Q: 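One structure follows; several queries about it will come next.
Note that this is a predicted model, so its numbers are computed, not measured. Per chain, numbering begins at 1; letters A, B, ... match sequence-line order.
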Number of protein chains: 2
Amino acid sequence: MSDMTGDYYSLEVWLPIFINAILSLSFYLITSRIIPKLCPMFINARLYGFDLNKTNSEKVPEALGVVAGCMYLIAMFLFIPIPFGSAVLQNSYFPHDELVKLVAALLSICCMLLLGFADDVLDLRWRHKLLLPTVASLPLLMVYYVTYNSTTIIVPKPLRLAFGFSVNLGVLYYLFMSLLAVFCTNAINILAGVNGLEAGQSIVIAMSLATFNFCELSGEQWRTHQFSLFFLMPFIAVNLALLKYNWYPSRVFVGDTFCYFAGMTFAVVGILGIFSKTLLLFFIPQVVNFLYSVPQLFHILPCPRHRMPRMNKISGLLEASKFECKEDELTSLGRLILDVAGKLSLVQLSRKDGVISGNNLTIINFVLVKVGPLHEAHLTSVLLTIQVLCSGLAFLIRYPMASIFYDVPR
Amino acid sequence: MSDMTGDYYSLEVWLPIFINAILSLSFYLITSRIIPKLCPMFINARLYGFDLNKTNSEKVPEALGVVAGCMYLIAMFLFIPIPFGSAVLQNSYFPHDELVKLVAALLSICCMLLLGFADDVLDLRWRHKLLLPTVASLPLLMVYYVTYNSTTIIVPKPLRLAFGFSVNLGVLYYLFMSLLAVFCTNAINILAGVNGLEAGQSIVIAMSLATFNFCELSGEQWRTHQFSLFFLMPFIAVNLALLKYNWYPSRVFVGDTFCYFAGMTFAVVGILGIFSKTLLLFFIPQVVNFLYSVPQLFHILPCPRHRMPRMNKISGLLEASKFECKEDELTSLGRLILDVAGKLSLVQLSRKDGVISGNNLTIINFVLVKVGPLHEAHLTSVLLTIQVLCSGLAFLIRYPMASIFYDVPR
């Protein structure tokens, strides 16, 4: 608990968190009320889609993530003065550097929301999905550059023989931070397509990170973890409100806006909370899904526009969607990948008349192949359970196993 | 020139301005190139309108202000480290408070762009036009609160007998700042409806403010005026690019997004540059237009949805648009206003069969009534000339006449 006096420490750590929690609760309630009211506006603005896995053809308003995002921003704007209350009241030294971090983080998130919403409305091209988070992470990097500019990292123990105790990554560190935003954003975006999954996985990740932050509040670095909690609690709140309407059967879609918003929020807390490696640990399902998707994303195997599962109209259950192609049109690399993946039971293949077909390479389809057809709500629950279990694994790696890689105190 | 040594002063004042100017020029070129490329996306997204004062019925992409705004943000993001170059290089005391101002100002502008674009897409209600700038000015107010919280103003000389030398406005000062954002935003929004007018007037105001800032660079408060220039020069640049396409005949419309964006930028420089009274001086045409519009805006007189001038299809010239109503349906206040305004030749009235009609109460229609029908491009030029002349008047009030109201050094 470091060497502060207990009472003062408690107040300084817990009072802002407590106020943040109350604010979060209020904004959960406000967001829950406001989302259904705004839906007709989205439909009028032709921002809607149809749920391919439903038998009716109702218009479902799209990009409601922007509402959650705006509510989040308002909550955070109102929260800005709170962590600085004691400095203002006591007229003592004002921690401008802390305020800069807070405001710059909000600027990055706000910019990402703007660009994400523009993407949903204007339907930007695929390459923009990589460009936009880079642009939105600029304020963060710029502020990091002028205020900290510490680009030295501690090398994990097994690599110290090669690299020494610490390495100054220089400009590579900025590249890493910028890529972190791109990764977080797109990782959520490609693990999607089932009602409630985008919002659900983001909530699981945010709750896991918040748990991690709470565990670390008693440590020496409590300030950075408190900072992270300030961002995560309102995020969880507005997204729980969003999930209420996005859960099966979805009355709203969250849109790409949401994935950008969630991804940038995670990147921001990871970078400014200085736990970007731990952050990545909570993205295990997304990383696995990305690696599993690589052959399709890079067009080594055919990649249909939609890879989400399809509903069997008779049973009402979701089944894995498939890609197919003529066997002789495959490159030799593609054939090799399919052979190996087929032998390892990573993909369900079938061959007929020289045409080969397999399940689309997402963990959503993989689950359906292994478990069999599932009801949509059930499928989301299974996937979110996997996410929770992986968070457990992440804690296992972060705590008991961390000593393999780093010198851990205590 | 205060008491700094000349060379160092020159470098610290002018180098960042010079770099900002180069950045502005680059972003003028980039924005000019990117706007026409993005137009088809706006049309596909059904973000378009028809120009009511043209004989053809081509789709004109709407809300292109968001592109100018995003380009502006990117330029400003790249600029963030520049003013702090010397502090970083010399490893000297780092002015975190200056950085907070910069980042908070960008956060307010970014948030305003997001909300403005959402308004254009979702077509929010009229009351939101007052609410949104208030929300977007929150970060600015919050940062102002925790860092400066100086709410004391110097009372103008003629009022000092009543109020004393200075008055602490307290919470009223925050209300004033918040209303400034609402005012600037809506002032531009209601002086609109002719090709090129929104962007044109914003550029004239921005250039006038920049001129004022340049004049003040040699004074003691040079930092705040330099700060304002950092924001105004890229603003002028991206808007000149926008005006190229928005000028008669408009190939793009700027949208409400633009009015929000421009208004918030002005509010930000006025508040953080600490010259909000001078700022208002450059809004004389907008203030007059607002006061002139009051009877219609508050529905004392009938207010048609569009109050912009109408094209006479035969002559191809714009003529003042009119409201009309039965004379006995007017309230006594409405009748009084019309009588007085008619006698003062402020409105062109005609009566026929108990129906009274008059030009809609905007200075655009007023000009047409006084000067006669004009070609659209000509009308915009006349209105912008008025704006320039009013800026001249503003300088006259600000400089030679300021000593009537305040103690002016020198």
Q: State plainly whether the residues Glu12(A) and Arg223(A) are in salt-bridge range, i.e. N to O under 4.0 Å.
A: yes

Q: Where on Cys70(A) is there a heavy atom nearer than 4.5 Å to chain B: the side chain, the backbone, both, or neither?
A: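 For Cys70(A), the side chain is the part near chain B, not the backbone.
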
Q: Among Phe117(B), Phe84(B), Tyr145(B), who wins on heavy-atom pairs under 4.5 Å with chain A?
A: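 Looking at each of Phe117(B), Phe84(B), Tyr145(B) in turn, Phe117(B) comes out on top.
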
Q: Taking the six-membered ring for Trp, are Phe50(B) and Tyr48(B) parallel (under 30°), tilted (30 to 60°) or perpendicular (over 60°)?
A: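 Geometry flag for Tyr48(B) against Phe50(B): perpendicular rings.
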
Q: Distance check, rounded to the nearest 0.5 Å: Ile271(B) atom CD1 versus Thr224(B) atom OG1?
A: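 Result: 13.5 Å between the selected atoms.
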
Q: Chain B heavy atoms under 4.5 Å from Leu73(A): which part of the residue, side chain, backbone, both or neither?
A: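 When you check distances to chain B, only side chain atoms of Leu73(A) fall under 4.5 Å.
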
Q: Do you know which of Leu102(B), Leu78(B), Leu115(B), Leu141(B) has the most heavy-atom pairs with chain A at a distance under 4.5 angstrom?
A: Leu78(B)

Q: Ring centroids only, cut at 6.0 angstrom: are Phe235(A) and Phe261(A) within range, meaning strictly under it?
A: yes

Q: Apply side chain to side chain contact (heavy atoms under 4.5 Å, CB included) to residues Leu242(B) and Thr31(B) and explain how you reach the verdict.
A: CA-CA 8 Å; Leu242(B) 186 60; Thr31(B) 311; 5.8 Å; no

Q: Is chain B contacted by the side chain of Phe42(A), its backbone, both, or neither, given a heavy-atom distance below 4.5 Å?
A: both

Q: Among the options Val135(B), Val100(B), Leu113(B), pick out the one with the most heavy-atom pairs lying under 4.5 Å from chain A.
A: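 The residue among Val135(B), Val100(B), Leu113(B) with the greatest pair count is Val100(B).
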
Q: Non-hydrogen atoms of chain B under 4.5 Å away: do they reach the side chain of Val66(A), the backbone, both or neither?
A: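 Side chain of Val66(A) only, per the 4.5 Å heavy-atom cut-off to chain B.
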
Q: Tyr260(A) and side chain to side chain donor-acceptor pair (under 3.5 Å): which single residue from Thr185(A), Asp119(A), Thr265(A) fits?
A: Asp119(A)

Q: So which of Ile74(A), Val103(A), Leu106(A) has the biggest tally of heavy-atom pairs under 4.5 Å with chain B?
A: Val103(A)

Q: Would Lys101(A) pass as a cation-pi partner of Phe227(A), given that its NZ or CZ must be under 6.0 Å from the six-membered ring centre and within 45 degrees of the axis?
A: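 Lys101(A) over Phe227(A) ring: yes.
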
Q: Just by distance, with hydrogens left out, do Ser202(A) and Asn239(A) show a side-chain donor and acceptor under 3.5 Å apart?
A: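 Per modelled atom types, Ser202(A) and Asn239(A) side chains form no pair under 3.5 Å.
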
Q: Select, from Leu47(B), Leu99(B), Asp123(B), the one with the greatest count of heavy-atom pairs under 4.5 Å involving chain A.
A: Leu99(B)

Q: Tell me, side chain or backbone of Leu38(A) under 4.5 Å from chain B's heavy atoms, or both, or neither?
A: neither

Q: Quick check on Asp97(B) against chain A: is it the side chain, the backbone, both or neither that has a heavy atom closer than 4.5 Å?
A: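 Both backbone and side chain.
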
